[in-house]
Undergrad: 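Sharing a structure, written as structure tokens. Questions coming.
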Amino acid sequence: MQVRVVGTGPSGLMAAEVLAQAGHAVTILDHHRSPARKFLLAGRGGLNITHSEPLDAVLDHYGGDRSFLEPAICAFPPEKLRQWCSDLGVETFVGSTGRVFPVGLRASPLLRAWLRRLAAMGVTLQSGAAWQGFDDVPTVLAMGGASWPELGSDASWVEMFRLAGIDVVPLRASNVRQPVAWSGIFSTRFKGQPLKNVAVTVAGKSVRGEVMIAENGIEGGAIYAVSRTIREARAAVLVIDLKPDLNADQVAQKITARRAKESASNFLRKAFNLSPQAIGLMRETGSVDPKSVTVSLAGEPTLDRAISTAGGVAQHEVDA
């Protein structure tokens with residue numbers, strides 16, 4: 001059977017591989033001249049492929065969507081993904097945070113090997129060819145969301161789907177820098193500086209990890225992990241615990257023991273081993289307790305630079 005795949009991101013390429021393995025003649029369309037441009041961009045940050053945590057923990061990250069996605073994820077769990085990479089000649093390793101990366105920390109070797117495999121399977125790639133809409137050709141649509149539109153995912157398909165009577169949930173930013181209106185002094189001095197081994201709490205959900213101070217906001221693994229909670233709870237603040245390994249009583253005892261003439265910066269550095277950026281954050285937010293640093297968010301982040309997009313085709317539109 002002749003089958004069309006639209007989109008050369010990982011979803012489209014994987015769909016093409018599975019279809020070709022099943023004996024179909026596959027053509028991949030992409031409106032850009034070069035394939036998988038966003039995938040290559042993601043690889044500049046090291047290309048986090050999956051996570052080494054137990055499968056049940058992986059599934060829990062999907063929240064209320066777990067039951068819907070579990071059969072697919074269990075059919076191709078993280079260990080099979082790592083084996084798939086190895087079969088392409090790209091070995092992987094587990095980083096200190098439990099995340100899995102390719103050796104070399106780049107996307108391009110994996111993409112080149114993948115495209116060679118697809119070509120050997122007879123898959124045809126048509127670059128610079130846009131999808132024209134629904135017709136009688138069986139088609140897999142893998143066109144992404146709306147982030148980094150210049151790399152391909154411009155959400156031009158949304159209106160076509162709606163005109164066809166398909167329910168589309170509005171697209172919103174996910175896994176994204178959360179905007180914060182820092183003062184000019186704080187932003188200039190500490191942008192690009194990490195807050196390591198902290199805990200972030202939003203609307204009752206707490207995650208430990210690393211936070212990165214950006215010029216106009218806050219990002220990093222711990223922030224991305226609570227992005228769904230921020231979005232769904234419409235949260236206006238998040239709380240950062242700079243010393244999650246100390247309990248409240250231990251912190252209170254240290255604060256009580258502070259000498260009257262000791263400056264706040266010296267005290268925080270000596271008593272809690274806080275970095276200059278952590279001390280700066282406490283000063284910026286007016287916080288006196290390193291276990292409860294409240295950061296006010298400055299509205300909803302924009303879609304254009306999000307790592308991923310929430311929304312899209314409504315779940316009730318999809319069957320088995």
Side-chain angles (χ1 to χ4, degrees), residues 1-22 24-44 47-50 69 72-73 75-76 81 84-85 88 107-108 110-164 166-176 303-315 317-319:
M1 179 188 296
Q2 292 284 338
V3 183
R4 176 196 299 138
V5 174
V6 184
T8 56
S11 296
L13 297 182
M14 187 61 79
E17 181 175 334
V18 171
L19 287 163
Q21 286 174 336
H24 300 294
V26 183
T27 298
I28 312 176
L29 304 182
D30 197 287
H31 62 173
H32 268 290
R33 291 293 176 184
S34 56
R37 296 182 70 195
K38 193 188 294 186
F39 180 62
L40 291 172
L41 177 71
R44 292 181 186 175
L47 193 65
N48 174 204
I49 294 173
T50 184
L69 294 166
I73 295 170
F76 194 65
L81 176 55
W84 175 86
C85 291
L88 279 176
S108 52
L110 192 152
L111 178 62
R112 287 195 297 268
W114 200 356
L115 292 174
R116 287 196 298 267
R117 172 187 283 180
L118 291 173
M121 298 172 75
V123 173
T124 300
L125 174 61
Q126 291 186 4
S127 300
W131 179 57
Q132 299 301 317
F134 295 100
D135 55 23
D136 294 331
V137 179
T139 304
V140 176
L141 302 171
M143 297 181 288
S147 60
W148 295 87
E150 67 272 28
L151 300 182
S153 299
D154 58 10
S156 58
W157 57 269
V158 171
E159 188 58 28
M160 299 170 76
F161 273 52
R162 286 177 174 154
L163 290 173
I166 299 170
D167 188 14
V168 178
V169 178
L171 299 173
R172 298 176 67 189
S174 183
N175 287 6
V176 65
L303 269 168
D304 59 341
R305 290 297 180 265
I307 294 173
S308 54
T309 301
V313 176
Q315 194 175 112
E317 295 281 13
V318 183
D319 59 23

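Model, not experiment: these values are computed from the prediction.
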Undergrad: Run S147 and K38 through side-chain contact (heavy atoms from CB on, under 4.5 Å) and show every step you take.
TA: CA-CA 9 Å; S147 60; K38 193 188 294 186; 3.1 Å; yes
Undergrad: Tell me, do E159 and V168 make a side-chain contact under 4.5 Å, heavy atoms counted?
TA: no
Undergrad: Would W157 and L141 satisfy side-chain contact (heavy atoms from CB on, under 4.5 Å), going step by step from the backbone distance to the final call?
TA: CA-CA 9 Å; W157 57 269; L141 302 171; over 6 Å; no
Undergrad: Can you give me the closest heavy-atom contact between L171 and G311, atom names plus distance?
TA: CD2-C, 3.8 Å
Undergrad: How long is the span from the CG atom in L40 to the OG atom in S34, to the nearest 0.5 Å?
TA: 7.5 Å
Undergrad: Can you find a heavy atom in the side chain of S174 that is under 4.5 Å from one in the side chain of T309?
TA: no
Undergrad: Given T139 and V3, is the side-chain contact (heavy atoms from CB on, under 4.5 Å) satisfied, shown in steps?
TA: CA-CA 6 Å; T139 304; V3 183; over 6 Å; no
Undergrad: Look at E17 together with R116 and state whether they make a salt bridge at an N to O cut-off of under 4.0 Å.
TA: no
Undergrad: Is a side-chain N or O of H32 found less than 3.5 angstrom from the main chain of S127, in a donor-acceptor match?
TA: no
Undergrad: So, taking the atom named CG in D30 and the one named CH2 in W131, what distance separates them when rounded to the nearest 0.5 Å?
TA: 14.0 Å
Undergrad: Identify the heavy atoms of F39 and A107 that sit nearest to each other, and give their distance.
TA: O-CB, 3.7 Å
Undergrad: Rounded to the nearest 0.5 Å, what separation is found between the CG atom of D304 and the OG atom of S153?
TA: 13.0 Å
Undergrad: Write down the atom of L110, the atom of C85, and the distance for their closest heavy-atom approach.
TA: CD1-SG, 3.8 Å
Undergrad: Contact between L125 and T8 at the side-chain level, heavy atoms closer than 4.5 Å - yes or no?
TA: yes
Undergrad: With a 3.5 Å distance limit and no angle check, can you tell me whether N175 reaches the backbone of S308 through a side-chain donor-acceptor pair?
TA: no
Undergrad: When you look at E150 and R305, which way does the salt bridge (charged side-chain N to carboxylate O under 4.0 Å, His left out) test go after all the steps?
TA: CA-CA 10 Å; E150 67 272 28; R305 290 297 180 265; 2.9 Å; yes
Undergrad: Please check this pair: side chain of E317 against backbone of D167, looking for a donor-acceptor N/O pair closer than 3.5 Å.
TA: yes
Undergrad: Within the distance-only criterion (no hydrogens, no angle test), does the side chain of H24 pair as donor or acceptor with the backbone N or O of R4 below 3.5 angstrom?
TA: no
Undergrad: Step by step, work out the side-chain contact (heavy atoms from CB on, under 4.5 Å) result for I28 and Q126.
TA: CA-CA 6 Å; I28 312 176; Q126 291 186 4; over 6 Å; no
Undergrad: Can you tell me if Q132 uses its side chain to pair, donor with acceptor, with the backbone of A130 under 3.5 Å?
TA: yes
Undergrad: When rounded to the nearest 0.5 angstrom, what is the spacing between CE in M14 and CG in L118?
TA: 9.5 Å
Undergrad: With rounding to the nearest 0.5 Å, note down the distance linking CZ in F76 to OG1 in T50.
TA: 9.5 Å
Undergrad: Kindly give the heavy-atom pair with the smallest separation between A113 and L88, and that separation in Å.
TA: CB-O, 3.5 Å
Undergrad: Do V313 and V169 have side chains that get closer than 4.5 Å, going by heavy atoms?
TA: no
